[in-house]
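Inspection log for the structure reproduced underneath, given as structure tokens.
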Amino acid sequence: MKVALTCNTLPSDYNRESGDDTFAEFDAPSTISAIKKALLKYCAAVEVVEADEGAYERLRRGNFDFAFNIAEGIRGEAREAQIPAMLEMLGIPYTGSGVTTLAITLDKRRTKEVLLANGIPTPRFQLLARPEDLGPDLRFPLFLKPNGEGSSRGITARSLVSSEEELEAVATEMVAKYRQPVLAEEYLTGREFTVGLLGNPPEVLPIVEVSFESLPEGAPRFDCYEVKWIYDSLDAGYDTTVCPARVDDYLRSRIEEVATRTFEALEVRDLCRLDLRLDGDGVPSVFDVNALPGLIPDPAENSRFPKAARAAGYSYEGLIGEIFSSALRRQGISR
Ligand SMILES: Nc1ncnc2c1ncn2[C@@H]1O[C@H](COP(=O)(O)OP(=O)(O)O)[C@@H](O)[C@H]1O
Ligand SMILES: [Mg+2]
């Protein structure tokens, strides 16, 4: 079997710590080569296909039987769905969620609408094309983020706002910089967890708590760009993740249940990682679904999905193999 590894590679001179978030969602060459190496245990040939404007031709001429897709896409509101759409047009089956799910999960507002329609708790929200659109229903403090980004792009220490004046200043900047509406959500002060799911129906991997207690005083208590990529980096040496999370059986089963229901409601396939916090009543409330979770191999980098998989007993190669074979099984393909 010949497999295309569809991906977007980080430019070699890109420095995350500069605070430039342009390519925050792309994968490092070391991640791509680790996935390729792992896949070669399970299939005869793997070719890396860069998911840029030339991708369609490369896929069309490549004689591929299958694709392992981690492509984030280079532009457009449904950029994560573009490579899967090309693969479907070419009749090449692939790992992970389909076109509709990838388009919805990149749109935080639409994701929340699906959650609400399925009775899954999510923070109260409003989408703001302009700051002055804010209605009377939401209660401060509010949390602001660009509606269609991931990897903490656009989320800064200033995302947490406690007045209309602050909201106006921050939202105006965000709309101008990211050229899209801003999602205003009620701020949840409870514990934060991220949950990986693997397979169909999914195995819920050991829960990861994202805990901000180890960060220096004055650092934000939420996962903004600075916390995710600068404090929690190899050089700075802070680790904001605890896995398995210290939770009692009752809370664990509530989190597992909400995670599984989210996976089903959004028709996720093979893998995802979702973020939630406990609300004032201790109820898990989901605010982000990552259908293409990061797969950084080096344990020192604290990549959350591989970390949860390790806690469940998967080696990195075992994890990649499980994603691959889940996708094959689901589509009735033998190796
Ligand atoms: N409604 C909220 N209440 C509290 N914290 C939030 C809320 N929304 C986001 N955050 C914080 O911001 C971080 C990033 O937000 P998220 O929606 O997960 O965006 P991204 O797609 O960039 O991961 C979260 O991990 C959390 O720490
Ligand atoms: Mg998130």
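When a residue number appears, it is its place in the shown sequence, counting from 1. Everything quoted here is computed from the prediction, not taken from an experiment. One-based numbering, in listed order, for ligands and for the atoms of each.
Judged by distance alone, the side chain of Glu149 and the main-chain N or O of Leu106 form no donor-acceptor pair under 3.5 Å. Under the 3.5 Å distance criterion, the side-chain polar atoms of Ser303 are left unmatched by any main-chain donor or acceptor of Pro306.
A side-chain N or O of Thr241 and one of Lys307 form a donor-acceptor pair less than 3.5 Å apart. Residues Glu203 and Tyr314 bring a donor and an acceptor atom of their side chains to less than 3.5 Å of each other. A donor and an acceptor atom, one from each side chain of Thr260 and Glu264, are nowhere located under 3.5 Å apart. When only modelled atom types and interatomic distance are considered, Thr95 and Asn69 share no side-chain donor-acceptor pair under 3.5 Å. Looking at Asp270 and Asn200, their side chains do bring a donor and an acceptor atom within 3.5 Å of each other. Asp107 and Asn147 are linked by a side-chain donor-acceptor pair at a separation below 3.5 angstrom, with hydrogens and angles left out of the test. Side chains of Ser152 and Asp223: a donor-acceptor N/O pair is absent below 3.5 angstrom, by distance only. Remark: the Tyr250 side chain and the Arg254 side chain contain an N/O donor-acceptor pair separated by less than 3.5 Å. For Glu267 and Thr100, the side-chain atoms include no donor-acceptor pair closer than 3.5 Å. Side chains of Gln180 and Glu77: no donor on one and acceptor on the other come within 3.5 Å. For the residue pair Arg273 and Thr194, a side-chain donor N or O sits within less than 3.5 Å of a side-chain acceptor on the partner.
At a heavy-atom cutoff of 4.0 Å, ligand 1 is contacted by both the backbone and the side chain of Asp223. Heavy atoms of Arg277 found under 4.0 angstrom from ligand 1 belong exclusively to the side chain. Of the heavy atoms in Cys224, none comes closer than 4.0 Å to ligand 1. Residue contacts with ligand 1 for Glu149 involve N, CA, C or O but no side-chain atom from C-beta outward (heavy atoms, distance under 4.0 Å).
Protein heavy atom in closest approach to atom 17 (O) of ligand 1: Lys145 NZ, 2.7 Å. Remark: minimum distance from atom 3 (N) of ligand 1 to any protein heavy atom is reached at Leu188 N, 2.9 Å. Closest to atom 16 (P) of ligand 1, if we only count protein heavy atoms, is Asp288 OD2, 3.7 Å. The protein heavy-atom contact nearest to atom 22 (O) of ligand 1 is Ser152 N, 2.5 Å.
In the vicinity of Glu192, heavy-atom distances shorter than 4.0 Å reach the ligand 1 atoms 24 (C), 25 (O), 26 (C), 27 (O). Counting the atoms of ligand 1 from 1 in the order shown, those under 4.0 Å from a heavy atom of Glu185 are 1 (N), 2 (C), 7 (C), 8 (N). Atoms of ligand 1 lying under 4.0 Å from at least one heavy atom of Lys108, given by number and element, are 16 (P), 17 (O), 19 (O), 20 (P), 21 (O).
Counting heavy atoms only, Phe287 comes closest to atom 24 (C) of ligand 1 of the residues Phe222, Phe193, Phe287. Taking all heavy atoms of Phe212, Phe143, Phe125 into account, the minimum distance to atom 12 (O) of ligand 1 is reached by Phe143. Of the listed residues (Ile155, Leu183, Asp275, Thr189), the one carrying the non-hydrogen atom nearest atom 15 (O) of ligand 1 is Ile155.
Of the N or O atoms in Asn290, none lie within a sub-3.5 Å distance of an N or O in ligand 1. On a distance-only criterion, Tyr187 and ligand 1 share no N/O pair closer than 3.5 Å.
Within the protein, the N, O or S atoms lying under 2.8 Å from the Mg ion (ligand 2) are Asp275 OD2, Asp288 OD2.
Less than 6.0 angstrom separates the ring centroid of Phe143 from the ring centroid of Phe222.
The closest approach between Arg221 and ligand 1 stays at or above 4.0 Å for every heavy atom of the residue.
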